[in-house]
Amino acid sequence: MSLLGRDVIAVRDLSRDDIEEVLAASKRMIPYAEGRKSSTLLEGKILVLAFFEPSTRTRLSFDSAMQRLGGRTITIADPASTSVRKGETLHDTIRMISQYGDAVVLRHPNEGAARLAAKVSERPVVNAGDGAGQHPTQTLLDLATILEACGTLSGLKVVLLGDLRHGRTVHSLAYALALFGSQIVLVSPPTLRLPEEVRTQLDELGAKVVDEMPLPQAVRDADVLYVTRIQRERFGDDAEYAKVVGSYRVDLALLAKAKPRLIVMHPLPRTVEIAPEVDATPHAAYFRQAFQAVPVRMALLALLLKGSAK
Ligand code: NCD
C-alpha cells in the first residue's frame with residue numbers, strides 16, 4: 001500500500017515495506033537535507049505544525065524538511081497564543097487547522113490525541129509525540145541512524161535504557177526493532193519499566209526481549225545503546241522524580257568494556273544520563289541521529305503528500 005494520504009500515528013500502522021521505503025528514500029534525501037542540492041518536489045504544499053508541548057528538534061526538523069523540498073509551513077509553537085486558551089477543544093482546533101494545509105504534524109500532551117485528530121482531520125495527520133504514547137517519526141530516524149552505522153536492522157542487540165515507562169520514543173522503537181528481528185534488552189529503574197501493553201505487542205510479534213540485566217553486563221555485547229532521559233513532565237509529583245533522577249549514567253568507565261563498534265543513541269534532549277566526555281568517542285551517534293531527522297522527515301513528507309520521493 002502506498003503511503004500517499006495516510007496518517008502516521010504509531011509504528012504499528014506501518015508495514016516493514018513502508019518503513020523500508022521511507023529509509024531508502026531518506027538516504028537519497030541526504031544531499032538535499034545538507035543543502036548541497038535543491039528540490040521543488042513539495043512546491044505549493046503547506047504543512048501545519050501544531051505543537052502543544054515543547055519541542056526543538058522535532059518541530060525545526062519538520063520545518064526544515066518541508067522547506068528543503070520547496071514547501072511551506074505554518075506553525076503553532078505556543079498553545080497559549082491560540083484559541084485553546086479560550087476553551088476550544090482539540091476536536092475543533094484540528095478540524096479547522098487541517099483545512100489550512102495539506103497535512104498536520106501534531107504534538108500533544110495527551111496519549112491518544114493524534115489518533116483522535118486523525119479521525120477529524122481532513123488531511124493526513126503525523127503524530128510527533130502524544131504524551132507517553134508513541135513517536136513514530138522519531139523511530140524512523142532512529143532506524144536510519146542504526147542502518148547507517150550498523151548496516152542492518154536485523155539480528156542486532158539493542159539496549160533500551162532509562163524511563164521506559166513514559167518514554168514514547170522507546171515505545172515506538174521497540175516495536176520496530178521487533179518487526180525487523182533485533183533483540184531488545186530492557187534496562188530501567190524498577191518503577192519505570194516498559195508498560196504492559198507495549199510488552200504484549202512485542203510478544204505478539206514474537207520479539208526477543210531480555211529484561212533488566214545489570215547495565216554493565218547489558219552493554220558488554222550490545223550493538224546499540226539507546227539512552228533516554230527521565231521524563232520529568234510525566235511525573236505527578238516531583239518527589240517521585242527525585243527518587244529516580246541520576247539512577248543511571250553512561251560514561252567512559254561504562255563504555256570501556258563495550259564493543260568498539262557500539263553506538264550510543266539518544267533522542268535528545270539529554271539531561272544527566274550521558275556524560276559529555278562520551279561525545280568525543282566514536283560511540284557517540286546522537287548528533288548524527290539528530291541530523292537524520294531532516295532527510296527522514298523529507299522522505300516521509302514526500303511520500304505522504306506526493307506518493308513518491310523522486
Ligand atoms: C523526545 C520526545 O519528545 O519524546 N524528544 C524528541 O522528540 N527528540 C524525547 C524526550 O523528550 O526525552
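Any value given below was found using the heavy atoms of this structure, including those in side chains, with hydrogens, waters and symmetry copies removed. All ligand and atom numbering here is 1-based and tracks the order in the structure.
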Donor-acceptor side-chain pairing of Asp163 and Thr228 below 3.5 angstrom: no
Salt-bridge test for [X] and [Y]: reply yes if a basic N is under 4.0 Å from a carboxylate O, no otherwise.
X      : Y      : answer
Glu240 : Lys243 : yes
Asp78  : Arg85  : no
Arg28  : Glu21  : no

Once you measure the plane-to-plane angle for Phe52 and His108, does it fall in the parallel (<30°), tilted (30-60°) or perpendicular (>60°) bin? tilted
Among the heavy atoms of Thr228, does any lie under 4.0 Å from an atom of ligand 1? no
Assess Glu53 for proximity to ligand 1: is some non-hydrogen atom of it under 4.0 Å away? no
Atom 6 (C) of ligand 1 has as its nearest protein heavy atom Leu268 O, 3.6 Å
Nearest-contact summary for atom 8 (N) of ligand 1 - protein heavy atom, Å: Pro267 O, 2.9 Å
Suppose I only count heavy atoms of [X] and a 4.0 Å limit; which atoms of ligand 1 are within that range?
X      : value
Arg229 : 10 (C), 11 (O), 12 (O)
Gln138 : 6 (C), 7 (O), 8 (N)
Thr58  : 6 (C), 7 (O)
Pro269 : 10 (C), 11 (O)

Quick check: does Glu233 get an N/O under 3.5 Å from an N/O on ligand 1? no
Counting only heavy atoms, tell me which of Arg168, Gln134, His135 gets closest to atom 3 (O) of ligand 1. Arg168
Quick one: which of Ile9, Leu179, Leu3 gives a side chain to side chain contact (heavy atoms under 4.5 Å, CB included) with Leu14? Leu3
If you apply the rule side chain to side chain donor-acceptor pair (under 3.5 Å), what do you find for Gln292 with Glu148, and how did you get there? CA-CA 10 Å; Gln292 289 286 4; Glu148 188 181 63; 3.3 Å; yes
